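Notes to accompany the following structure.
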Amino acid sequence: MPAGLSAVRRFLLPDLGEGLTEAEIVSWLVAAGDDVALNQALVEVETEKAVVELPSPFAGTVVELLAGAGETVAVGSPLIAIDTAGAPGTEERVPTLVGYGPTEAPPSRRRNRRAHRNPSPVEPPRPASRPLAAPPVRFMARQSGIDLADVTGHGPGGTITRDDLAAHLAGAASAGPSTPPPAAGRESRAPVRGVQKHMAEAMVHSVATAPQACVFLTVDVTPTVQLVGQLRRNRHFEGVHVTVLAVVARAMMLALRDHPALNSSWDDATAEVVTKHYVNLGVAVAGPTGLLVPTLKDAQDMSLRDLAVALVDLAERARATRCTPADLRGGTITVTNVGVFGVDAGVPILNPGEAAILAVGAVQRRPWELEGQIALRDLVVLSLAFDHRLLDGQAASLFLAAVGEILADPVNLVALG
Amino acid sequence: MAIAPARVPERGIPEWTGFDGLVQLISVDGQRTVGCPYWELVADVGADQLRDLYTDMVVVRRIDVESMALQRQGELALWAPLLGQEAAQVGSARALRPDDFVFPSYREHGVAYCRGVDPVDMLRLWRGSALSGWDPAVFGLATPAIIVGSQALHATGYALGIMLDGATSAAVAYFGDGASSEGDVAEAFGFAASFTVPVVFVCQNNQWAISEPVRLQSHGTIAQRGQGYGIPAIAVDGNDVLAVLAATRLALARASAGEGPTLIEAVTYRMGPHTTSDDPTRYRSRDEEEEWRVKDPLVRLRALLRAEGLADDGFEDSVTAAADEVAARLRRGCLALPDPPPDALFDHVYAGPHPLIEEERDAYAAYVSTFDS
Amino acid sequence: MSLGQALNAGLRQAMERDPKVVLMGEDIGKLGGVFRVTEGLQRDFGDRRVIDTPLAESGVVGTAVGLAMRGYRPVCEIQFDGFVYPAFDQIVSQVAKLRHRNEGRVAMPLTIRVPYGGGIGAVEHHSESPEVYFAHTAGLRVVTPSNAADGHRMIQQAVACDDPVVFFEPKRRYWERGEVDEGLATTVAPLHQARVVVEGTDATIAAYGPMVATALEAARIGLQEGTSIEVIDLRSLSPVDFETIEASVRKTGRLVVAHEASVFCGLGAEIAARVSEHCFYHLESPVRRVGGLATPYPPSRLERHYLPDADRMLHEVDRCLQA
């Protein structure tokens with residue numbers, strides 16, 4: 001090293017004994033200006049454990065004593081500065097001092113954390129075989145008698161949050177003004193439970209979350225009625241009770257091929273439209289305990305005959321209250337036959353999670369236009385309610401028209417296969 | 001230095017109670033003692049070998065002193081000095097054959113040096129860079145035992161293995177007077193005697209176990225403890241390098257001849273503190289330290305060499321220069337020791353992959369990657 | 001005064017109060033213990049009440065068992081955590097079981113003091129956290145102070161306790177100072193009661209011994225980041241004060257347990273199981289644990305990566321908040 005260049009090094013107080021934090025300077029053995037050799041004793045210090053002489057880590061000339069006798073110094077503080085320029089035996093590398101007292105937590109690196117800018121990703125949602133909810137939410141649901149399967153989760157990974165529950169309950173909460181209780185005997189009370197409770201909650205949830213609109217179409221189904229009559233006499237349909245409803249169901253399957261949007265759902269949590277590539281057709285049935293909507297799974301693969309059989313079976317099971325929870329779940333689109341009650345039409349309410357629901361009115365014999373003449377024809381009113389987040393009037397109408405076209409001319413069943 | 005094969009005396013261990021009832025070949029003032037039958041065990045040790053022994057002890061002391069300084073400078077977390085015990089360690093270690101296997105305590109830096117371990121590697125564990133410093137198989141030297149006395153059992157078991165193999169080498173356990181109180185050492189004596197295994201127990205009785213004097217560990221001598229188990233024992237002046245060499249050669253010869261364990265009590269003195277965390281001024285007197293300073297092993301051998309014209313200033317200067325060179329190299333090596341990388345935390349816990357370790361390794365890496373620096 | 005000094009003062013008061021209290025251990029006499037916790041006691045009480053023992057941990061505890069049966073109240077010192085294992089058999093097979101074995105006719109009012117934990121740059125076997133082996137052993141009480149005031153009170157309570165107490169002293173905190181009122185009655189808080197050191201609302205960190213100071217550091221940083229963290233000093237590992245923990249979980253809904261000992265099968269696992277059982281519907285996220293790795297304690301140059309620090313505790317708190 002060229003003469004005149006200084007290399008002043010500082011000796012910091014090390015941890016002298018397994019976790020010590022400080023030491024008191026007892027006496028200095030050198031002074032500023034003294035030449036010191038490597039390992040020459042510089043100073044006497046006293047720790048909690050012992051009095052110790054500290055040997056110099058450098059050879060050179062003492063520049064300055066950085067702590068005074070009698071002073072208590074923390075481990076890591078500078079004790080002495082030594083100019084090592086030109087001194088033989090001086091190490092080139094700055095010593096890495098070991099033993100700095102009880103290992104203090106390294107200075108927090110929190111402010112450098114990337115995590116602050118990009119929160120670590122939440123675990124991806126598993127396909128929900130059961131509804132996900134944190135324990136407190138489950139508890140709330142149980143207290144309120146809500147089946148979590150009926151609640152759509154909007155939390156991370158599709159979990160059901162407190163807000164989801166609250167929304168679910170919002171419709172059920174009665175906000176009516178308090179009235180004086182009437183005299184006994186003028187009213188009866190029945191607790192709301194079971195199927196009625198379920199239906200009420202589903203309807204409230206549906207209306208609360210999906211904006212619903214409705215389009216209507218009156219169809220001349222005389223040819224379909226004739227077809228049904230013919231099929232009933234056909235040997236392949238022996239024992240199978242085929243109805244107009246079965247044909248409607250088949251028509252819906254065929255129409256959905258060109259209008260798949262009617263078979264989709266709105267996933268709020270992920271902000272996605274989920275289009276199903278299968279059709280689980282919900283069929284509204286009046287059971288002894290109330291309205292049920294069991295589903296025909298993969299109805300798109302069912303022939304007219306299959307549908308007819310399945311519809312009869314469904315109706316029987318619903319009446320016998322033999323529908324399982326699996327039967328009642330997983331629907332992608334629903335048909336409801338309001339005609340059995342004798343009404344022309346109805347504005348149905350969407351089954352929550354579906355894009356559309358088709359109500360079929362009673363087949364009525366009415367005057368209609370046929371080839372320029374007035375004739376008595378079999379007419380039915382189709383009412384299609386739809387989720388206006390997923391579909392607009394045009395999309396809904398085109399689908400309805402497609403269904404109507406098949407019903408008006410059932411040759412299309414064969415033409416569309 | 002050349003190791004001459006020792007002749008096993010016909011009837012057991014020669015009785016010689018000289019200085020304080022201990023085997024001694026060199027007196028405190030550097031004179032050869034007369035009439036001790038142990039002389040025949042070191043008959044081959046001539047001028048060159050004596051100078052080599054002296055050089056070894058000077059270098060070993062220098063390593064020790066330099067390491068103390070390094071700790072005081074913050075380069076080592078801790079150091080256990082062997083100051084005063086150079087003869088006990090060099091004398092015994094220079095008796096060892098290459099095939100012998102040593103189980104040291106945490107103070108046998110002199111033994112490690114004689115076995116060929118690079119002094120810088122000795123420092124790894126004291127610096128906290130690793131929990132060991134060398135490959136035991138390469139040097140025939142196990143990693144230092146910090147659990148006091150545990151190594152006595154290990155040496156006994158190793159010796160059992162030698163015996164089962166039909167080999168003629170020996171295992172050697174080094175431990176101190178304090179360790180002789182531990183149950184493990186008592187059990188080692190029992191097993192070694194029962195199985196008649198080729199083990200040598202070298203107890204350096206340096207008078208102190210931290211602040212506890214040896215009398216607290218035992219009212220009899222340590223040598224008598226071995227005898228209580230049926231193990232022949234030699235009490236030797238541990239500051240007499242030739243006496244220690246002789247006793248160890250004898251014990252090794254017995255072991256190789258299938259005669260079973262020997263206990264050597266090398267009576268010496270821990271001239272420094274227990275470790276750099278200790279303060280001997282709290283429990284022992286300067287007077288006692290002065291008493292033992294007179295018996296310094298290096299002083300004694302130097303006096304003999306001088307008296308017999310075997311060493312002059314030129315020789316001493318060269319020895320000092322050699323020691324300085326070792327110390328400088330040690331210092332450079334110590335400062336250059338790298339810190340292990342953080343993911344070394346997960347290595348070598350098991351022989352192969354382990355699900356919990358792998359999981360933690362991945363989780364740790366993922367955690368670290370969330371920081372910028 | 002420092003934790004070490006507070007323990008010294010507490011031991012002194014215990015010895016003054018009861019002449020049957022006898023200290024035993026290696027280097028506890030003239031040297032005053034390697035951490036100076038017994039400094040001056042042999043000088044003032046004599047070598048028949050502060051007994052230097054041979055170098056044998058099993059010997060220390062086994063002898064203490066006999067002394068206890070003779071009516072003494074021994075306080076054993078094990079020099080370092082890693083050296084307790086030779087005594088493990090005496091502690092687990094004898095000390096823990098003698099009362100039960102003898103249907104209450106024999107008392108084991110021992111205190112076994114063990115400095116424990118890492119963070120002091122030590123060599124192997126000097127930074128262990130073996131406390132859970134003892135917590136898992138029926139018949140033993142296991143406690144650990146985190147600061148000087150608790151140390152002063154708890155050592156006296158441990159000595160006075162008629163059951164055996166394994167008293168773990170966090171050695172990295174020995175030199176840390178705190179206010180100690182030596183005149184304070186030891187009845188101010190029961191030995192096994194946990195303490196809410198700092199209140200919070202978003203999450204709870206439960207820690208003991210050396211980790212309490214680290215948890216408080218984490219809470220301080222958390223507050224700067226806008227997270228309100230409640231810190232509990234458990235103080236007792238056997239029995240655990242579950243009431244205090246559960247009350248906190250009901251308040252915050254999120255719990256992180258921290259200790260230097262390995263996470264796997266550590267005390268955090270027991271607390272997580274209990275809290276899941278008792279506070280299930282209050283948990284906004286699973287109970288999380290932060291602690292040592294499933295590896296032996298590393299060389300001291302790596303210990304800062306092994307030991308939990310404030311960042312790692314806050315990392316777990318973050319995960320709780322995101323759940």
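Heavy atoms only: backbone and side chains are in, while hydrogens, waters and symmetry mates are out. Reminder, nothing fancy here: chain letters follow the sequence lines and each chain counts from 1. Keep in mind it's a predicted model, so treat the numbers as computed, not measured.
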Suppose we screen for salt bridge (Lys or Arg N to Asp or Glu O under 4.0 Å). Which residues come up paired with C/E26, at least two apart in sequence or across chains? none
For the atom pair OG1 (A/T47) and CZ (C/R36), what is the distance rounded to the nearest 0.5 Å? 7.5 Å
Give the minimum heavy-atom separation between A/A134 and C/E284, together with the two atoms involved. CB-O, 4.4 Å
Report yes if some heavy atom in the side chain of C/Y281 is under 4.5 Å from a heavy atom in the side chain of A/R142; otherwise report no. yes
Nearest-0.5 Å distance that lies between atom OG1 in A/T21 and atom CZ in C/R173: 11.5 Å
Might you point out which heavy atoms bring C/I120 and A/D15 nearest each other, and give the distance in Å? O-OD2, 3.9 Å
Using side-chain heavy atoms (C-beta onward) and a distance below 4.5 Å, is A/P135 in contact with C/H282? no
Can you tell which part of C/R220 gets under 4.5 Å to a heavy atom of chain A, answering side chain, backbone, both or neither? neither
Residues passing the salt bridge (Lys or Arg N to Asp or Glu O under 4.0 Å) test with C/E124, sequence neighbours excluded, are none
Is the number of heavy atoms from other residues, nucleotides or ligands within 6.0 Å of NZ (C/K30) greater than 12? no
